[in-house]
Q: 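Can you read through this structure? Questions will come right after.
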Amino acid sequence: MTTAIIGTGGIGSVIARQLASGGETLRLASTDNESARTLAAEIGRAVVVAVDDRDALQGAGAVVLALRFTVLKGVIDQIADQLADKLVVVPSNPLSVDAQGNLSRLLPEGQSSGEVVAGWLPAGARLAMAFGTLSADLFESAGNRSPEPALLFYAVDDDRAGQEVERLIRTAGFEPVKAGGIEQSGRLEVGGDLHDLVVGPAEARSLIGAA
Ligand SMILES: NC(=O)c1ccc[n+]([C@@H]2O[C@H](COP(=O)([O-])OP(=O)(O)OC[C@H]3O[C@@H](n4cnc5c(N)ncnc54)[C@H](OP(=O)(O)O)[C@@H]3O)[C@@H](O)[C@H]2O)c1
């Protein structure tokens, strides 16, 4: 199946490598097409470098918006008419980074990025907050672990989005675990209790049950 990845930076490039290693066909787009071309050459198969963000969505059933939170709404607005009937996967954390590398949260306490992003999407788009729960290094090292795959938490509001994102998570080499509806996505973000965790099934179930 074909998935578009818009943004081939720190997390987008790792997501692309993991999905490609599981056999997903990819269409990549980035502001700097050179970085997408370098990534495609490294992956080596079943990857198309799209001309732009809109081109990336041609023929794709799902799109991963691997973008900083500050540019997310602008990109969604530009591709909104193409998102109806697609799975939209968002790994973004609502953070900004200053020149000294200090992080600050862009949303008020208690408001999750998932709730905000859901409000930016057109009717018919199916949102999954996923693939942003681990740092890029951890995501790469924990993928395709054996004998037991590492778990990856996600949040969705509808069952079809859940099935679709579970397929992508398994393709990337993880076992999916639903944390809850989109309103639970704050738990997946930097600072949330499910962020940057590599745990087994029993611990995952107890963590989710503890909410
Ligand atoms: N990196 C991690 O370890 C990690 C882990 C989990 C979650 N996240 C979250 O994922 C999001 C992205 O983080 P990141 O570290 O991957 O950031 P990043 O390294 O800055 O990558 C973002 C990418 O998006 C591209 N981009 C910007 N505007 C675009 C547009 N209009 N169309 C297409 N591509 C565009 C950028 O290209 P240019 O640089 O050329 O502008 C860059 O390649 C953040 O919200 C972060 O919190 C990151």
Side-chain angles (χ1 to χ4, degrees), residues 3-19 26-43 47-58 60 63-80 82-83 88-99 101-107 111-118 120 127-143 150-155 165 168-169 172-174 179 185-198:
T3 292
I5 299 182
I6 297 182
T8 54
I11 197 69
S13 59
V14 176
I15 295 169
R17 280 197 284 273
Q18 295 286 122
L19 286 176
L26 301 178
R27 294 181 65 82
L28 305 179
S30 200
T31 28
D32 168 15
N33 256 357
E34 196 47 46
S35 80
R37 270 193 290 273
T38 304
L39 178 62
E42 182 200 316
I43 292 171
V47 186
V48 170
V49 177
V51 174
D52 55 26
D53 296 349
R54 293 186 64 82
D55 182 42
L57 285 157
Q58 299 297 329
V63 57
V64 180
L65 300 177
L67 299 163
R68 294 191 181 206
F69 199 79
T70 44
V71 302
L72 202 47
K73 183 176 188 305
V75 172
I76 289 172
D77 286 347
Q78 283 175 11
I79 59 175
Q82 297 176 286
L83 295 180
V88 179
V89 181
V90 175
S92 306
N93 289 287
L95 298 173
S96 68
V97 190
D98 70 16
N102 301 311
L103 297 177
S104 55
R105 196 165 193 273
L106 294 163
L107 298 176
Q111 187 176 34
S112 71
S113 55
E115 292 167 293
V116 174
V117 174
W120 293 340
L127 175 63
M129 297 302 290
F131 287 103
T133 51
L134 301 177
S135 66
D137 288 348
L138 196 51
F139 187 86
E140 193 147 42
S141 63
L151 303 183
L152 207 64
F153 295 103
Y154 70 90
V165 79
L168 280 179
I169 289 171
F174 292 84
S185 66
R187 299 184 70 193
L188 311 181
E189 296 168 12
V190 169
D193 65 324
L194 302 180
H195 188 79
D196 247 354
L197 276 187
V198 178

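As the structure lists them, so they are numbered: ligands from 1, and atoms in each ligand from 1. We're numbering straight along the sequence, starting at 1.
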Q: With backbone taken as N, CA, C and O and side chain as the heavy atoms from C-beta onward, which portion of Asp32 lies under 4.0 Å from ligand 1: side chain, backbone, both, or neither?
A: both

Q: Given 3.5 Å as the limit, does a donor-acceptor pair link the side chain of Arg68 with the main chain of Ser96, or not?
A: no

Q: Kindly give the heavy-atom pair with the smallest separation between Ala40 and Val47, and that separation in Å.
A: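 Shortest heavy-atom contact: CB-CG1, 3.8 Å.
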
Q: Short question: side chain of Asn93, backbone of Val190 - any donor-acceptor pair under 3.5 Å?
A: yes

Q: Any chance you could measure Leu72, atom CG, to Leu106, atom CG, to the nearest 0.5 Å?
A: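 One finds 11.0 Å between CG of Leu72 and CG of Leu106.
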
Q: Might you point out which heavy atoms bring Val165 and Ala130 nearest each other, and give the distance in Å?
A: CG2-CB, 3.9 Å

Q: Mind checking whether Asp53 contacts ligand 1 via backbone (N, CA, C, O), side chain (CB onward), both or neither, at a 4.0 Å heavy-atom cut-off?
A: side chain

Q: Nearest protein heavy-atom contact for atom 5 (C) of ligand 1: which residue, which atom, what distance?
A: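 Protein heavy atom at minimum distance: Leu134 O, 3.3 Å.
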
Q: Could you walk me through whether Phe131 and Tyr154 pass the ring-ring contact (aromatic ring centres under 6.0 Å, His included) test, one step at a time?
A: CA-CA 8 Å; Phe131 287 103; Tyr154 70 90; 9.6 Å; no

Q: Identify the protein heavy atom lying closest to atom 2 (C) of ligand 1, giving its residue, its atom name and the separation to 0.1 Å.
A: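 For atom 2 (C) of ligand 1, the nearest protein heavy atom is Ala136 N, 3.8 Å.
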
Q: For atom 16 (O) of ligand 1, what is the nearest protein heavy atom, given as residue, atom name and distance?
A: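 Looking only at protein heavy atoms, the one closest to atom 16 (O) of ligand 1 is Ile11 N, 2.9 Å.
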
Q: Which ligand 1 atoms are under 4.0 Å away from a heavy-atom of Ile6?
A: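 Listed by number with element, the hits are 32 (N), 33 (C).
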
Q: Could you tell me whether Ser92 approaches ligand 1 through its side chain, its backbone, both or neither, with non-hydrogen atoms closer than 4.0 Å?
A: both

Q: Ignoring hydrogens and angles, tell me if any N or O in the side chain of Arg27 forms a donor-acceptor pair with the backbone of Gln58 under 3.5 Å.
A: yes

Q: Of the options Thr8, Asp53, Asp52, Thr38, which is the one that meets Ser30 in a side-chain hydrogen bond (donor to acceptor under 3.5 Å, both in side chains)?
A: Thr8

Q: Measure from atom 41 (O) of ligand 1 to every heavy atom in Leu138, Ile5, Thr31, Thr70 and give the option owning the shortest one.
A: Thr31

Q: Do any N or O atoms from the side chain of Thr3 and from the backbone of Leu26 form a donor-acceptor pair under 3.5 angstrom?
A: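 Looks like no, no N/O pair under 3.5 Å.
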
Q: Check whether any heavy atom of Ser35 sits under 4.0 Å from an atom of ligand 1.
A: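 Ser35: no contact with ligand 1 (<4.0 Å).
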
Q: Need the ligand 1 atom indices (1-based, order shown) with element for anything under 4.0 Å from a heavy-atom of Gly132.
A: 6 (C), 7 (C)

Q: Output the list of atoms in ligand 1 that are nearer than 4.0 Å to some heavy atom of Gly9, sorted by atom number.
A: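 Reading through ligand 1 atom by atom, the close ones are 16 (O), 19 (O), 21 (O), 23 (C), 43 (O).
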
Q: In the protein, which heavy atom is nearest to atom 19 (O) of ligand 1, and how far is it?
A: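 Nearest neighbour among protein heavy atoms for atom 19 (O) of ligand 1, to 0.1 Å: Gly10 N, 2.9 Å.
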
Q: Please could you name the atoms of ligand 1 that Thr8 approaches to less than 4.0 Å, counting only its heavy atoms?
A: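 Near Thr8, the atoms of ligand 1 are 43 (O).
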
Q: If we ignore angles and hydrogens, is there a donor and acceptor under 3.5 Å between the side chains of Ser185 and Glu115?
A: no

Q: Nearest to atom 44 (C) of ligand 1, what protein heavy atom do you find, and at what distance?
A: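 Of the protein heavy atoms, Leu67 O, 3.7 Å lies nearest.
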
Q: For atom 45 (O) of ligand 1, find the nearest protein heavy atom and state the residue, atom name and distance (0.1 Å precision).
A: Asn93 N, 3.1 Å

Q: For a quick test of reading the model, state the closest non-hydrogen atom pair linking Ser13 to Leu39 and the distance between them.
A: CA-CD2, 3.7 Å

Q: Are Val190 and ligand 1 in contact, using a heavy-atom cut-off of under 4.0 Å?
A: no

Q: Between the side chain of Gln82 and the main-chain N/O of Arg54, is any donor-acceptor distance below 3.5 Å?
A: yes

Q: What part of Thr133 sits under 4.0 Å from ligand 1 if we count only heavy atoms: the side chain, the backbone, both or neither?
A: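 Neither part.
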
Q: Report yes if Arg68 has an N/O atom closer than 3.5 Å to an N/O atom of ligand 1; otherwise report no.
A: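 For ligand 1, there is an N or O atom that lies under 3.5 Å from one belonging to Arg68.
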
Q: Which residue owns the protein heavy atom closest to atom 22 (C) of ligand 1, what's the atom, and how far is it?
A: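 Among all protein heavy atoms, the one nearest atom 22 (C) of ligand 1 is Ala66 O, 3.7 Å.
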
Q: Taking a cutoff of less than 4.0 Å between a non-hydrogen atom of the residue and any ligand atom, is Leu95 in contact with ligand 1?
A: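 No.
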
Q: Which residue and non-hydrogen atom of the protein lie closest to atom 31 (N) of ligand 1, and at what distance in Å?
A: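 Here the nearest protein heavy atom works out to Val75 CG2, 3.3 Å.
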
Q: Can a donor-acceptor pair be found, under 3.5 Å and without considering hydrogens, that links the side chain of Glu189 to the backbone of Ser113?
A: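 Yes, because the side chain of Glu189 sits within donor-acceptor range (under 3.5 Å) of the backbone of Ser113.
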
Q: Using a 4.0 Å cut-off to any heavy atom of Ser135, which atoms of ligand 1 qualify?
A: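 Answer, ordered by atom number: 3 (O), 5 (C).
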
